[in-house]
S.K.: 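A single structure is presented below for examination.
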Amino acid sequence: MFSLSSTVQPQVTVPLSHLINAFHSPKTTPVSVSASISQNQHRDVVSEHEAPSNEPVLNLRDLGLSELKIGQIDQLVDSLLPGFYKDKNVSSHWHTSHVSAQSFFENKYGCLDIFSTLRSSCLYRQHSRTLKRICSDLQYWPGFIQSRGFKTLKSRTRRLQSTSERLAETQHTAPSFVKGFLLRDRGSDVESLDKLMKTKNIPEAHQDAFKTGFAEGFLKAQALTQKTNDSLRRTRLIVFILLVVGIYGLLKNPFLSVRFRTTTGLDSAVDPVQMKNVTFEHVKGVEEAKQELQEVVEFLKNPQKFTVLGGKLPKGILLVGPPGTGKTLLARAVAGEADVPFYYASGSEFDEMFVGVGASRIRNLFREAKANAPCVIFIDELDSVGGKRIESPMHPYSRQTINQLLAEMDGFKPNEGVIIIGATNFPEALDNALIRPGRFDMQVTVPRPDVKGRTEILKWYLNKIKFDQSVDPEIIARGTVGFSGAELENLVNQAALKAAVDGKEMVTMKELEFSKDKILMGPERRSVEIDNKNKTITAYHESGHAIIAYYTKDAMPINKATIMPRGPTLGHVSLLPENDRWNETRAQLLAQMDVSMGGRVAEELIFGSDHITTGASSDFDNATKIAKRMVTKFGMSEKLGVMTYSDTGKLSPETQSAIEQEIRILLRDSYERAKHILKTHAKEHKNLAEALLTYETLDAKEIQIVLEGKKLEVR
Ligand SMILES: Nc1ncnc2c1ncn2[C@@H]1O[C@H](COP(=O)(O)OP(=O)(O)OP(=O)(O)O)[C@@H](O)[C@H]1O
Ligand SMILES: [Zn+2]
């Protein structure tokens, strides 16, 4: 319950008229002041029952006392009633703890003990003796403070039951003026304060001042609580309004409402996202896919136009392609182009351990989509919901989820305007039922972009950053065979970060090359200490590769040579295909092998056969793979003919040894060709190795300058 009583003063209604009446009514009922006052008995005196609630509330101005300060009460009382406290026998055990006394009082009466509060907050500490006693007495006055607290039915009945008993006790135990109040309320004789003062021998002239002193105390307390009360009411109003507005917003806001509803598990739903800002313009390098999806856009724009002629559009389109090639982007662009809602769901969201949850989510998704047709539902990672998996302990209800998906897809008519686009990296993993006509019956391949596509994607993302005019996106595109759109976006972003770290104003080719190498080969290992001997070996090894590449007609053009350690390598030479190679010629394959051999040949020629290193092992791997494929797959061996040998382990020993023999010959010949070139160009080889030792990294132009025997400009 909403209880503020411990921190903020609750609403107070002090029946001041009682106090004032007591001061001024000359009632003369005999007084019996009890000497022994028990705290518990006193508490029990007061009950909610007896609290007069409609009494007029006086304010300070009515009494002409608005200027009187609380601190003055003590003085006032002391001067007016010198002997009053000395002989008043107030039990000292009351003062043990005003905090617990107060909470005890509250629990008991359901109202706040304002005197105790006053006493503890200001008076008690400052006037420990005199006012403490006054306040102790006042504590048992029926000054009612209606606390907005927590009351149990039990405690209330208990109070009601015991009221009469307690009143009886009061007559013997309560201070006389308290009793006066109580008894007056019940129509009995009332003891007046005047009488009390007479028994205490207060001089007549001082009695009025004494009474007003008490009145002032009450009024001060009331004024204070009234003020607090006003601000409390205002705060409550504001909190209430905020609460109402908050709940309303929660239900109205689509994003929040999704979250709100998804927390309820079974009732989860997905809300659409309007995709106005994503169009086909944003998807680069996948022209064929865009063309195929164009008709879906037309359909979404005007479903009737298509169905009038009896045409049937696919319900489901499957986008197939490697990760990061823009499948999600394409689906968004379809919705954006058609300006219809886009419902995104990831297959893994439906993969639930609990029975029915996945199926229920699918149901909700389709229900909402149908209500908002025309629209696009996109299910990413379709294989994780629609895979051909047998029910396993990990996915106990997958079958149920697939069935629900199939049922939903079958359940709406083609012209309803709902298009489901699924995306997967593994179409072969999909359940056959899903790719049957009437379901995901249109497949669109989204391949990795070719060099033209990569150039376009790089240009697109370069245009979003500051880059130098000398940047040639095509060079980067040529060096990033196999990169997806997402990887190219990342490359440009990393280059921008690198430029920022280096304090550059623009991104140049250097940063782009840097981030490309970082993605391809891992980060630079600048901290690695490589001794001069190893550095020299690496420089000659890498320039060996470069020289072969440079002087072999069918080798790919060199892009860069470096002896900067990166990832697991100590250096590398990168070559750029002029185009994506869809086909490779025999000469090109042999050239690749020769370039691979260049490193080891260089080591042998420069340092001697005893000083060759282990650094060429991956070069040999590479060369061996090419040679093996030439012999067993491409029919490029005269001896073994145009036959393919897929499982070499199952071949006859003779064939196996013949294959091995052919591979060995190819590798040996390659090694010899490389040796010949390096011997012929020993001078260039040496110059290049020295340039690498000096500059660490050389680009294509610089390599050419060195090999032409020109001097490199000092960088
Ligand atoms: N062809 C592209 N043109 C422009 N940006 C692209 C392209 N491909 C990918 N991107 C960028 O990469 C991000 C990731 O691509 P997206 O999520 O569409 O790939 P995906 O094929 O759906 O990948 P996944 O299979 O991992 O879900 C896109 O948001 C976009 O920024
Ligand atoms: Zn090498």
Side-chain angles (χ1 to χ4, degrees), residues 275 277-290 293 318-336 342 344-348 378-384 421-427 444-450 452-464 477 480 483-493 521 537-549 561-563 568-575 592-604 612-623 674 678:
M275 281 294 136
N277 52 346
V278 181
T279 61
F280 282 148
E281 191 47 33
H282 294 77
V283 199
K284 302 286 176 189
V286 280
E287 295 311 315
E288 291 80 4
K290 282 201 267 184
L293 291 169
L318 194 59
L319 299 181
V320 179
T325 46
K327 298 184 291 297
T328 313
L329 201 63
L330 267 173
R332 291 187 166 208
V334 168
F342 177 81
Y344 176 91
S346 174
S348 51
F378 178 69
I379 305 177
D380 207 355
E381 305 168 48
L382 188 64
D383 41 291
S384 62
I421 303 181
T424 181
N425 307 330
F426 314 101
V444 175
T445 310
V446 189
R448 288 205 172 89
D450 58 11
K452 191 166 158 272
R454 290 197 301 276
T455 312
E456 273 179 34
I457 295 171
L458 284 168
K459 276 185 188 161
W460 174 255
Y461 287 111
L462 277 168
N463 279 327
K464 298 186 183 207
T480 46
F483 272 46
S484 67
E487 283 167 326
L488 292 169
E489 184 187 5
N490 181 31
L491 187 153
V492 174
N493 185 47
M521 280 173 290
I537 295 174
T538 309
Y540 275 96
H541 177 111
E542 299 305 336
S543 17
H545 288 307
I547 294 284
I548 311 290
T562 178
I563 53 166
T569 65
L570 290 176
H572 72 274
V573 171
S574 76
L575 307 176
Q592 279 181 49
M593 285 170 63
D594 296 357
V595 174
S596 294
M597 293 299 181
R600 165 57 71 80
V601 173
E603 286 178 27
E604 191 197 319
I612 53 174
T613 69
T614 55
S617 83
S618 64
D619 294 337
F620 293 146
D621 268 353
N622 209 16
L678 276 185

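Atoms within each ligand, like the ligands themselves, are counted from 1 in listed order.
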S.K.: Would you say Ile457 and ligand 1 have an N/O pair spaced under 3.5 Å apart?
M.R.: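 Looking only at distances, the answer is no, because the N/O contact criterion of under 3.5 Å is not met.
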
S.K.: Where is the nearest protein heavy atom to atom 7 (C) of ligand 1: which residue, which atom, and how far?
M.R.: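 Looking only at protein heavy atoms, the one closest to atom 7 (C) of ligand 1 is Gly485 CA, 3.9 Å.
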
S.K.: Can you tell me which residue and heavy atom of the protein come closest to atom 14 (C) of ligand 1, and the distance to 0.1 Å?
M.R.: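 Answer for atom 14 (C) of ligand 1: Ala486 CB, 4.0 Å.
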
S.K.: Are Lys284 and Glu287 close enough for a salt bridge, meaning some N to O gap below 4.0 Å?
M.R.: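 Looking at Lys284 and Glu287, the cut-off is not met.
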
S.K.: Identify, with sequence neighbours excluded, every residue that meets side chain to side chain contact (heavy atoms under 4.5 Å, CB included) alongside Thr455.
M.R.: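 Residues passing side chain to side chain contact (heavy atoms under 4.5 Å, CB included) with Thr455: Val451, Lys459, Pro473, Glu474, Ala477.
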
S.K.: Would you please say whether a donor-acceptor pair under 3.5 Å links the side chains of Asp380 and Tyr344?
M.R.: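 Distance-only check passes for Asp380 and Tyr344.
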
S.K.: Students should be able to answer this: which protein heavy-atom is nearest to atom 5 (N) of ligand 1, and at what distance?
M.R.: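 Atom 5 (N) of ligand 1 sits closest to the protein heavy atom Tyr461 OH, 2.6 Å.
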
S.K.: Hey, can you pull the donor-acceptor pairs under 3.5 Å for the side chains in residues 537-546, sequence neighbours left out?
M.R.:
from   : atom 1 : to     : atom 2 : distance (Å)
Thr538 : OG1    : Asn534 : O      : 2.7
His541 : ND1    : Glu603 : OE2    : 2.7
His541 : NE2    : His545 : NE2    : 3.0
His541 : NE2    : Asp619 : OD2    : 3.0
Ser543 : OG     : Ala539 : O      : 2.3
His545 : ND1    : Val595 : O      : 2.6
His545 : ND1    : Gly599 : N      : 3.4
His545 : NE2    : Asp619 : OD2    : 3.0

S.K.: Would you please classify the geometry between the Phe378 ring and the Phe342 ring as parallel, tilted or perpendicular, with 30° and 60° separating the classes?
M.R.: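 Rings of Phe342 and Phe378: parallel, under 30°.
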
S.K.: Tell me which protein heavy atom sits closest to atom 21 (O) of ligand 1, plus the residue, atom name and distance to 0.1 Å.
M.R.: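 In this structure, atom 21 (O) of ligand 1 has Lys327 NZ, 2.8 Å as its nearest protein heavy atom.
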
S.K.: For atom 3 (N) of ligand 1, what is the nearest protein heavy atom, given as residue, atom name and distance?
M.R.: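 The protein heavy atom lying closest is Lys284 N, 3.0 Å.
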
S.K.: Enumerate the atoms of ligand 1 whose separation from the nearest heavy atom of Val283 is less than 4.0 angstrom.
M.R.: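 Within the 4.0 Å cut-off of Val283, ligand 1 contributes 1 (N), 3 (N).
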
S.K.: Is His541 close enough to the Zn ion (ligand 2) to have an N, O or S atom under 2.8 Å?
M.R.: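 Coordinating: yes.
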
S.K.: Compare all side-chain heavy atoms of Ile612 with those of Arg600 and state whether any distance is below 4.5 angstrom.
M.R.: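 Yes - at least one pair of side-chain heavy atoms lies under 4.5 Å apart.
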
S.K.: Can you tell which of Gly285, Pro322, Gly326 gets a heavy atom nearest to atom 15 (O) of ligand 1?
M.R.: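 Looking at heavy atoms only, the winner is Gly326.
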
S.K.: Could you tell me which atoms of ligand 1, counted from 1 in the order shown, lie closer than 4.0 angstrom to a heavy atom of Leu329?
M.R.: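 Matching atoms, with element in brackets: 4 (C), 5 (N), 6 (C), 18 (O), 30 (C).
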
S.K.: Say whether Gly324 and ligand 1 are in contact under the criterion: heavy-atom distance to a ligand atom below 4.0 Å.
M.R.: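 Under 4.0 Å: yes for Gly324.
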
S.K.: Does Trp460 reach ligand 1 with a nitrogen or oxygen that is under 3.5 Å from one of the ligand's nitrogen or oxygen atoms?
M.R.: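 No: no nitrogen or oxygen of Trp460 is under 3.5 Å from one in ligand 1.
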
S.K.: Can you find a pair of side-chain heavy atoms, one from Leu570 and one from Ile563, that are under 4.5 Å apart?
M.R.: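 When only atoms from C-beta onward are counted, Ile563 and Leu570 do not touch, as no gap falls below 4.5 Å.
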
S.K.: Kindly indicate whether the side chain of Val286, heavy atoms from C-beta on, has any atom under 4.5 Å from the side chain of Thr325.
M.R.: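 No, too far: nothing below the 4.5 Å cut-off.
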
S.K.: If we only count heavy atoms from C-beta on, is the Val444 to Leu330 side-chain gap below 4.5 Å?
M.R.: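 When only atoms from C-beta onward are counted, Leu330 and Val444 do not touch, as no gap falls below 4.5 Å.
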
S.K.: Can you give me the closest heavy-atom contact between Ala623 and Met593, atom names plus distance?
M.R.: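 Closest pair (atom of Ala623, atom of Met593, distance): O-CG, 3.8 Å.
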
S.K.: Which atoms of ligand 1 sit under 4.0 Å from any heavy atom of Asn425?
M.R.: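 Taking each heavy atom of Asn425 in turn, ligand 1 has 25 (O) under 4.0 Å.
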
S.K.: For residues Asp383 and Asn425, determine if any side-chain heavy atom of one lies less than 4.5 Å from a side-chain heavy atom of the other.
M.R.: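 In short, these two side chains do not touch, never coming nearer than 4.5 Å.
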
S.K.: Who's the nearest protein heavy-atom neighbour of atom 22 (O) of ligand 1, and how far?
M.R.: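 In this structure, atom 22 (O) of ligand 1 has Thr328 OG1, 2.5 Å as its nearest protein heavy atom.
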
S.K.: Is it the side chain, the backbone, both or neither of Glu489 that has a heavy atom closer than 4.0 Å to ligand 1?
M.R.: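 Side chain only; the backbone of Glu489 stays clear of ligand 1.
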
S.K.: Counting each atom of ligand 1 from 1 as listed, which ones have a heavy atom of His282 under 4.0 Å away?
M.R.: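 Counting from 1, the qualifying ligand atoms are 3 (N), 4 (C).
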
S.K.: Quick one: the NE2 of His545, the Zn ion (ligand 2), OD1 of Asp619 angle, rounded to 10°, please.
M.R.: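 Centred on the Zn ion (ligand 2), the NE2/OD1 angle is 100° (to 10°).
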
S.K.: Could you work out, for atom 27 (O) of ligand 1, the closest of Thr325, Leu488, Asn490, Asp380 by heavy-atom distance?
M.R.: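 Closest candidate by heavy-atom distance is Asp380.
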
